[in-house]
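Numbered from 1 within each chain, the chains take letters A, B, ... in sequence-line order.
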Amino acid sequence: MHNKNTDVLPTIRLNDIPEVEVSLHQQIGPPCQCIVAPGDYVRVGQVIARSDHPMAVPIHSSVSGTVKEIHHVVSAVGEPIEAIRIESDGKFEYDPSIAPPVIESGEDFVAAIREAGLVGLGGAAFPTHIKLNPPKGKEPNVLLVNAAECEPYITSDYRIICEKPNQIIDGILAIMKWLEIPTAIIGYEDNKPLVHRIFEHELGRRTFKTGERHDIRIRKLRTRYPQGAEKTLIYALTGRKVPPGKLPHDVHALVLNVSTIRHIGLFIKTGIPLLRRRVTLDGSALNIHGNFNVPIGARVRDVIEAAGGVREEPRKVIMGGPMMGHALDRMECGTVKADNAILVFGSEETTIPPESACIRCARCVMSCPMNLLPNGIDQASRRKDLEQLNYFHVMDCIECGSCTYVCPAKRFLNQSITDGKKLIHSEKERYANEQRLLAASEKVSSGKEKQDQPSAE
Amino acid sequence: MFVLPYRLSVAQDILIPGLIIFGAALLLGILIVIISILFKVPRNAKKEALMDALPGANCGGCGFAGCEGYADYLLLPGANTGLCSVGGAECAREIASILGTEAVEPEKRIVVLHCQGTHDHTTPRYEYLGTRSCHSAHNILGGPGSCTYGCLGFGDCVAVCAFDALCIKDGIVHVNREKCTACGQCVKACPKKLLRLLPVTATVEVRCSNEWPGARTRKVCNIGCIGCKRCVKECPVEAISMNGSLAVIDQSVCIHCDACVSVCPTHAIARLE
């Protein structure tokens with residue numbers, strides 16, 4: 001197993017969390033509006049924030065206790081957001097209204113999943129109900145279950161497969177039933193051979209009704225980062241290529257992370273929405289490594305302390321994996337739905353060698369899963385050359401970090417590519433603003449002309 | 001002594017090749033002359049003169065792509081002759097005499113950094129080990145400094161300055177007032193928008209850009225504007241207004257009495273020198 005230290009460690013439930021800080025922006029799309037007030041008593045599973053925007057999903061309280069304040073904070077990625085601080089009373093009293101959803105059609109199913117507050121738990125936090133509701137004519141004919149978990153250190157998905165396989169199968173069967181998908185393929189990496197046996201055993205002990213869709217295949221993939229990236233996985237499992245700028249439903253595929261599917265399975269059987277998630281804690285600065293089941297919103301510092309504390313002053317704390325995650329500037333921020341790991345490194349693992357000039361070895365080109373030219377994008381980005389950035393398809397970069405990892409000159413390729421993407425975004429915004437202003441001024445001038453005309457007559 | 005492989009014949013080995021090369025050169029030279037006459041581009045004497053009059057720094061401060069772009073624009077009727085801040089009044093007069101119009105003198109301006117957060121006044125929030133560029137650091141949680149409005153000190157502005165007027169000292173940018181030509185390249189390069197052009201006559205400025213409330217500003221920097229409004233009350237000509245909790249001086253109203261400088265408790269308002 002490449003650089004995974006916690007795969008054999010069973011998940012420990014962490015309830016010793018004094019308070020949670022639930023961010024109101026936990027998915028791609030606009031933030032939710034808070035519907036509780038300071039002083040309210042909330043129970044586990046109670047909706048505390050929602051929004052009417054089609055992309056948004058409701059946010060539930062992960063603890064029972066009193067709402068302390070709704071305040072402005074800076075999120076882990078540096079954007080200003082609103083967050084609800086709830087002090088836990090430690091009782092974890094469930095909301096009495098939690099009940100299995102009544103589902104009679106595909107639309108019911110998608111609406112119910114939205115109420116469960118589900119987002120892609122692999123890290124992207126893309127709302128699941130949007131994925132389950134593809135545009136007309138692009139209905140998926142295959143469900144791809146992403147159990148690759150290709151990033152080093154992270155083992156939270158693997159622990160879910162080991163511990164809750166029945167709920168995963170429940171979830172897969174429900175999606176196949178309501179979305180009328182004939183086939184499901186579970187893709188796993190060959191460094192986790194147990195996954196195959198677990199699912200085979202789980203499928204073997206089930207009996208299926210006649211007519212029930214249960215064509216679930218289990219496919220082994222080569223252990224190779226980033227095998228679990230959406231487009232890479234689709235190609236590896238089905239041979240279909242997603243064109244640049246397109247989504248999986250354009251090739252009639254639906255990709256869901258195994259943790260997301262587990263929560264779908266749990267929700268349709270019990271009605272429990274997304275409240276807690278498995279988080280891998282690893283890194284040299286920690287006393288105890290392992291997988292922990294934490295309430296969403298628990299502060300990083302509280303999670304680390306409840307899990308056993310640190311043995312040395314952490315030098316780098318990463319939320320997410322070492323490749324795709326982002327380093328934190330403080331440990332007070334709350335965990336969000338998409339966090340699958342917290343990595344706490346001491347000084348020995350965090351030395352970064354100095355950057356040197358590109359030696360044109362093309363190792364970044366060989367390593368790029370999207371077949372881009374990272375060296376070219378890097379140069380264009382440092383020159384702030386928008387034309388070249390577009391020419392090199394910078395927006396297709398998935399920021400997996402493979403190029404930076406293999407670079408013998410230790411160039412910060414990923415950082416400069418990300419800068420390039422941001423440059424294009426800001427340029428697009430600037431252009432859109434200019435166009436808006438132009439349109440507005442034209443409107444004003446044409447309005448004036450119209451006003452002038454009658455007076456001239 | 002080296003030995004030639006064969007006997008050298010003056011006529012065969014030197015004269016003939018020499019003549020061939022000379023002849024070819026002559027032929028090509030004549031061809032060049034003929035082609036240059038055939039494809040002659042009519043030259044604009046006025047533009048040539050304008051190009052000579054302009055400083056030739058190609059800084060883009062006028063808003064055009066280099067001095068040639070500005071010269072092309074100047075040939076249009078009714079063009080503004082006062083856009084070259086590098087050349088100043090002298091250049092404007094020269095341009096006006098070439099074009100036969102009245103000289104519009106460019107307003108003399110200077111670039112001022114709206115931040116005083118040196119290492120003594122601020123603390124790092126995290127250790128930044130990435131690309132040594134303000135643009136890149138700004139994209140990572142707003143940069144490593146305690147104040148996310150403050151100067152990052154990686155020198156994106158220094159890199160674009162064509163006049164060697166900027167330098168980094170104690171983590172912030174210093175402007176050399178003699179060398180600065182107000183071309184505005186650094187203004188565009190700064191991701192924090194801290195470098196702004198002020199009239200050269202300005203003597204005081206709120207050298208802070210932090211819009212946070214006072215208590216929060218105080219925590220991250222001890223020379224930042226805390227929005228106490230004492231300068232607003234003290235100003236005899238009402239040149240100072242508040243933008244949230246940041247004081248802003250209207251330089252067109254300021255009478256350079258320095259009253260605000262003496263009352264500012266954090267020394268965020270400073271004399272420009």
Side-chain angles (χ1 to χ4, degrees), chain A residues 71-81 313-319 325-333 345 347 349-358 378-379 381-385 399 401 404 407 409-427 430, chain B residues 58-60 63 65 117 122-150 152 154-162 184-193 209-217 219-221 244-246:
Chain A
H71 58 155
H72 288 274
V73 292
V74 178
S75 78
V77 289
E79 51 170 0
I81 46 158
E313 183 59 33
R315 184 157 181 237
K316 190 169 195 174
V317 181
I318 303 176
M319 214 178 216
H326 42 259
L328 302 179
D329 61 337
R330 66 199 186 289
M331 296 215 281
E332 273 67 41
C333 44
F345 294 116
S347 48
E349 277 164 309
T350 48
T351 39
I352 293 181
E355 201 176 17
S356 59
C358 173
D378 174 44
Q379 286 167 14
S381 169
R382 282 169 206 244
R383 278 202 309 271
K384 300 195 171 63
D385 186 340
E399 295 171 35
T404 317
C407 182
K410 309 292 175 202
R411 291 186 72 70
F412 304 133
L413 295 166
N414 202 358
Q415 191 186 7
S416 78
I417 293 172
T418 316
D419 287 347
K421 279 173 127 179
K422 284 200 175 149
L423 203 66
I424 290 201
H425 273 304
S426 61
E427 196 62 20
R430 198 182 63 80
Chain B
N58 287 322
C59 65
T122 56
T123 44
R125 195 165 87 252
Y126 63 86
E127 189 186 359
Y128 177 74
L129 298 168
T131 314
R132 313 305 288 170
S133 136
C134 303
H135 178 68
S136 302
H138 173 63
N139 281 343
I140 295 178
L141 301 167
S146 53
C147 171
T148 51
Y149 289 91
L152 294 161
F154 293 117
D156 279 15
C157 50
V158 179
V160 296
C161 184
Q185 287 302 298
C186 51
V187 177
K188 278 185 229 157
C190 181
K192 300 279 191 197
K193 309 264 172 282
S209 303
N210 193 317
E211 291 168 12
W212 288 340
R216 204 171 157 197
T217 308
K219 269 182 206 159
V220 298
C221 176
S245 48
L246 179 66

Residues in side-chain contact (heavy atoms from CB on, under 4.5 Å) contact with His71(A), at least two apart in sequence or another chain: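 Scan of His71(A) (side-chain contact (heavy atoms from CB on, under 4.5 Å), adjacent residues dropped) gives Glu21(A), Glu69(A), Val73(A), Ala83(A), Arg85(A).
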
Non-hydrogen side-chain atoms of Thr350(A) and Glu127(B) separated by less than 4.5 Å: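 Sidechains of Glu127(B) and Thr350(A): no contact.
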
Within-4.5 Å side-chain heavy-atom neighbours: Gln415(A) and Ile140(B):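 They are in side-chain contact.
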
Which residues share a ring pair (Phe, Tyr, Trp, His ring centres under 6.0 Å) with Tyr126(B), sequence neighbours left out: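 Counting only residues at least two positions away or on another chain, Tyr126(B) forms no ring pair (Phe, Tyr, Trp, His ring centres under 6.0 Å).
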
Residue part contacting chain B, namely of [X], when any heavy atom lies under 4.5 Å:
X: Ser381(A); value: neither
X: Arg315(A); value: side chain
X: Lys316(A); value: neither
X: Arg411(A); value: neither

Lys384(A) atom NZ, over 12 foreign heavy atoms within 6.0 Å: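 Correct, the count exceeds 12.
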
Value rounded to 0.5 Å, distance of CD1 in Ile352(A) from OH in Tyr128(B):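 If I round to the nearest 0.5 Å, the distance is 10.0 Å.
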
From Thr131(B) atom OG1 to Asp378(A) atom CG, the distance as rounded to the nearest 0.5 Å: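 Rounded to the nearest 0.5 Å, the OG1-CG separation comes out at 8.0 Å.
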
Side chain to side chain donor-acceptor pair (under 3.5 Å) involving Ser75(A) - partner list, sequence neighbours excluded: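 If we apply the side chain to side chain donor-acceptor pair (under 3.5 Å) test to Ser75(A), skipping adjacent residues, there are no hits.
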
Any residue of residues 185-192 of chain B which, by heavy atoms, sits under 4.5 Å from chain A: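 When heavy atoms of chain A are the reference, residues 185-192 of chain B contributes no residue within the under-4.5 Å range.
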
Options Lys422(A), His326(A), Arg382(A), ranked by heavy-atom pairs under 4.5 Å with chain B, top entry: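 Option with the greatest count: Lys422(A).
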
